[in-house]
Amino acid sequence: MNKEILENISVLYVEDENDVREFTAKLLGSLVKKVYTAANGLEGLETFKENSSSIDLIVSDINM
């Protein structure tokens, strides 16, 4: 994988389980420029609206 590509993207990670969210956000944070996190879909939507110009990728738990 091209590490230079990852270093230039920002990710919105939406996960309702706190431990999973914290662990995965930390892991993603070591790979990408910036990680935004949200605990549910509504919070994720608000975070996206506030930062839409800088978010390149959304990763979401579909079983919330």
Side-chain angles (χ1 to χ4, degrees):
M1 178 170 280
N2 189 338
K3 195 172 183 180
E4 291 173 3
I5 293 172
L6 292 176
E7 291 173 346
N8 293 312
I9 67 169
S10 294
V11 176
L12 169 57
Y13 179 58
V14 185
E15 169 62 60
D16 60 337
E17 292 186 42
N18 191 45
D19 292 340
V20 175
R21 185 175 59 254
E22 288 180 9
F23 174 80
T24 305
K26 188 174 183 177
L27 176 66
L28 287 170
S30 69
L31 299 170
V32 301
K33 178 173 65 175
K34 174 123 175 104
V35 177
Y36 299 90
T37 60
N40 57 54
L42 184 57
E43 187 178 320
L45 179 60
E46 290 301 317
T47 301
F48 180 74
K49 286 179 180 178
E50 293 170 6
N51 302 284
S52 63
S53 63
S54 62
I55 294 174
D56 301 300
L57 175 69
I58 300 171
V59 178
S60 178
D61 175 4
I62 59 171
N63 291 321
M64 283 189 266

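No hydrogens, no waters, no symmetry mates; every other heavy atom, side chains included, goes into these values. This is a predicted model, so every value here is computed, not measured.
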Nearest-0.5 Å distance, OH of residue Tyr13 to CG of residue Leu28: 7.5 Å
So which heavy atom on Ser10 is nearest to which on Ser54, and how close? CB-O, 3.1 Å
Among the clusters formed by ILVMFWY side chains lying less than 4.5 Å apart, do Leu45 and Val14 turn up in the same one? no
Spacing of CG belonging to Asp61 relative to CG belonging to Asn40, to within rounding of 0.5 Å: 11.0 Å
So, Asn8 versus Glu4: side-chain donor-acceptor pair below 3.5 Å or not? no
Could you state the interatomic distance from CD1 (Ile62) to CD (Glu15), rounded to the nearest 0.5 Å? 11.0 Å
Should Val35 and Leu31 be counted in the same cluster of Ile, Leu, Val, Met, Phe, Trp and Tyr side chains packed under 4.5 Å apart? yes
Considering non-hydrogen atoms only, spot the tightest contact between Val32 and Ile9 and give its length. CB-O, 3.4 Å
Indicate yes or no for a side-chain donor-acceptor contact from Glu17 to the backbone of Asp19 under 3.5 Å, with no hydrogens or angles considered. no
Single-linkage hydrophobic cluster Val59~Phe23, side-chain heavy atoms < 4.5 angstrom: no
In Å, rounded to the nearest 0.5 Å, how long is the span from NZ of Lys34 to CD1 of Ile55? 9.5 Å
Thr37 versus Ala25, closest heavy-atom pair with distance: CG2-CB, 3.6 Å
Give me the atom names and distance for the closest heavy-atom approach of Ala38 to Thr47. CB-OG1, 4.4 Å
Rounded to the nearest 0.5 Å, how far does CG of Leu6 lie from CG of Leu57? 9.5 Å
